[in-house]
Amino acid sequence: MLQDVNSFREGPDEQGRFGLFGGRFVAETLMPLILDLEQEYGRAKQDASFWAEMDDLWKHYVGRPSPLYFAERLTEHFGGAKIYLKRDELNHTGAHKINNVLGQILLARRMGKTRIIAETGAGQHGVATATVCARFGLECIVFMGATDVERQKPNVFRMNLLGAKVVPVTSGRATLKDAMNEALRDWVTNVENTFYCIGTVAGPHPYPAMVRDFQSIIGKETKEQMLEREGRLPDSLIACIGGGSNAMGLFHPFLDDRDVRIIGVEAGGHGVDDRMEHAASLTGGRPGVLHGNRTYLLQDDDGQILEGHSISAGLDYPGIGPEHSWLHDMGRVEYVSVTDVEALEAFQLSCRTEGIIPALEPSHALAHVAKIAPDLSPDHLMVMNMCGRGDKDIFTVAEALGAEMGEGLSS
Amino acid sequence: MSRIQSRFAELKAQNRAAFVSYIMGGDPDVETTLEVMRGLPGAGVYVIDLGMAVPDPMADGPASQHAGQRALAGGMTLRKTLDLAAEFRKNDDATPIVLMGYYNPIYSMGVPAFLEAAIAAGIDGLIVVDLPPEEDAELCIPAGEAGLNFIRLATPTTDDVRLPTVLQNTSGFVYYVSITGITGAAAANAEAVAPHVERIREASSLPVCVGFGVRSPETAAEIAKVADGVVVGSAIVNKLAEGASVADTLEFVRSLADGARRARL
Ligand SMILES: Cc1ncc(COP(=O)(O)O)c(C=O)c1O
């Protein structure tokens, strides 16, 4: 049920809380660093020259605004809602991740930091960070779970080409959670010169709010573009959720437009049940503390974090950004989940009906569109965030479909 | 007076530094931990830090990470860690036990239930790495009200402006982290540590113990000269991990403790 508040866009409070969620659960060594960052971000946010530089880079380096594309063939295929895709997969480096990275790297420069570290799952945030570091001549170290190094090989090579050092992390199930742990350990060790560039709306305050602010360009553009195309706001928004940054970027500017239905799609892996072979923290988890914030987490009865599973490396995370946890509890955003198999079907559908090879992450969003769009009326305007392209995923998809690269698919 | 306070008062009267040893509860199993714990006071240990296992300790190096993973693989839980402490307490009413770990298992159990169980188990203090002063309302303040010491870490990044905030709700002792980094990584350096210990002493009347990166009797001795106590963790955890017997592990602990004990002679 929707809880009543004046605005859904005012969080976090001074403690970095969105209701119960968020906060600053970090070791003392890091506390002075995140307080510095909060202060510097506070200053930058008020500084017109900071945003002018961002706008310039967004426009000329990233290629923003990204198109809001009417997906005519998908619309026909579903025979219901009118489907628009927000084409953030057309950004430089192929995903929404660079929107945020630019902001953080400009901040790092303002703070005089010379060494940039990042965690990555799918490798898109790592590639974006390596790219912007190359552009500004900064040292870049990317922590990546060894499992993900294996399943996202093209991105590992891309990072190497861009001059970044990729450190494979072997602890745990060797995925995104483990990469983030290792990045935090590096940061605790190298406090003087190092800036930790987090890739999603998670981590200790101010990261969730800061990353959201940088990604909100997606929703702001969508609003303008939709008003221009259709003369009104969309009826629904749909985005996939790993940590939740592309989703928050699309959703946040619309949170107080209460007629807009907003849906976040988590990774259901092999199905959301007791086996816990999924990455749907809101659907299958409960509140806990990890990576500097309180949020919904996959955990056992003893409060030990579980590993989770998704075919998509970018969604394979046992937590979710704290603001999503709050929006979930407030009833403002609906959260659903989609399985590996459903996402794979949607992946192929996008390839064949629109000529867009999507990343496995937004394929989850599309799989949910496929479930609800057919029952909606043709004047229902639906926007899905096509937040990344699928080049990185072709090996995973080939394996899942049992196809050999270089041979035809059987169907 | 709490067990921690009386222990430090005793040591002060004898002009000795406290030797504090850390071990992970349940690594490799509960029986071994209990046997080691029971031998620690005889090996010269004045305060026991008992690790609460988690799979992802954010500020710990490989030694402690693997110890936690071994413990969890053996079925260790927070409840069993508390039971282990209670078992130790049956035969030793003087040695302070400080639980050390991360917040989520405690939060998951529920703070009131945890505090009640910890007190029943004879726990004296808590070190919770991911609860800085900014989150004091979570556990630090309720723990203090329940009569447990909440021991805070001060680090090389805790500058003079921040130090009072860090010390404000700290009790028992202050744990100065000798390096910026994770446990078991760089080696502690007494010369670098000394001015920080002085800084903390000027701001607080609590004893100051120093840890992270103390591995040898020599370093333990140097630190014991400048601080009220010295903490060794990863080196002892590693000893057990290498397959050393309980007796050999305790012998190693004794050599470290002797280093600290002889320091001020
Ligand atoms: C294309 C794409 N979409 C989504 C995600 C998930 O992250 P978030 O939920 O923060 O958008 C990733 C992460 O790697 C990604 O590469």
A/R185 (side chain) donor-acceptor with B/G61 (main chain) under 3.5 angstrom: no

Contacts with chain A made by residues 194-212 of chain B (heavy-atom distance under 4.5 Å), listed by residue number: none

Nearest heavy-atom neighbours spanning B/A53 and A/Q304: O-NE2, 3.0 Å

Value rounded to 0.5 Å, distance of CG in B/L131 from CD in A/E28: 12.0 Å

Chain A contact via B/M76 - side chain, backbone, both or neither, heavy atoms under 4.5 Å: backbone

Within 6.0 angstrom of A/E192 CD, more than 12 heavy atoms from elsewhere: no

Top contributor to chain B interface from A/N190, A/I305, A/T29, A/N181 [non-hydrogen pairs under 4.5 Å]: A/T29

Engaged part of B/V166 at the chain A interface, taking heavy atoms whose separation is under 4.5 Å: side chain

Toward chain A: residues of residues 100-110 of chain B with heavy atoms under 4.5 Å: B/Y103, B/N104, B/P105, B/Y107, B/S108

B/D130 CG to A/R24 CZ distance, which is reported to the nearest 0.5 Å: 14.5 Å

Reported OG1-to-CG distance for the pair B/T155 and A/L30, which is rounded to 0.5 angstrom: 8.5 Å

B/D159 portion near chain A, given a 4.5 angstrom heavy-atom threshold: neither

Region of B/L72 that comes under 4.5 Å of a non-hydrogen atom in chain A: side chain

Side chain / backbone / both / neither for A/P287 at chain B, heavy atoms under 4.5 Å: both

Heavy-atom side-chain contact between A/Q15 and B/E135 under 4.5 Å: no

Residues B/E138, A/R294: salt bridge by 4.0 Å N-O rule: yes

Check: A/S171 main-chain N/O paired with B/Q65 side-chain donor or acceptor under 3.5 Å: no

Side chain / backbone / both / neither for B/P57 at chain A, heavy atoms under 4.5 Å: both

Residues in residues 33-41 of chain A near chain B [non-hydrogen atoms, under 4.5 Å]: A/L33, A/L35

Any donor-acceptor N/O pair, B/T180 side chain to A/V191 backbone, under 3.5 Å: no

A/K177 with B/D56: basic N within carboxylate O range, under 4.0 Å: yes

Chain B neighbours within residues 109-121 of chain A, where any heavy atom lies under 4.5 Å away: none

Side chains of B/R79 and A/D302 in contact at under 4.5 Å (non-hydrogen atoms): no

N-O pairing of A/R17 and B/E134 below 4.0 Å: no

Closest contact, heavy atoms only, B/G181 versus A/T189: CA-OG1, 3.5 Å

Residue B/E116 excluded, over 12 heavy atoms near CD under 6.0 Å: no

Euclidean distance, A/D301 CG relative to B/L78 CG, rounded to 0.5 Å: 13.0 Å

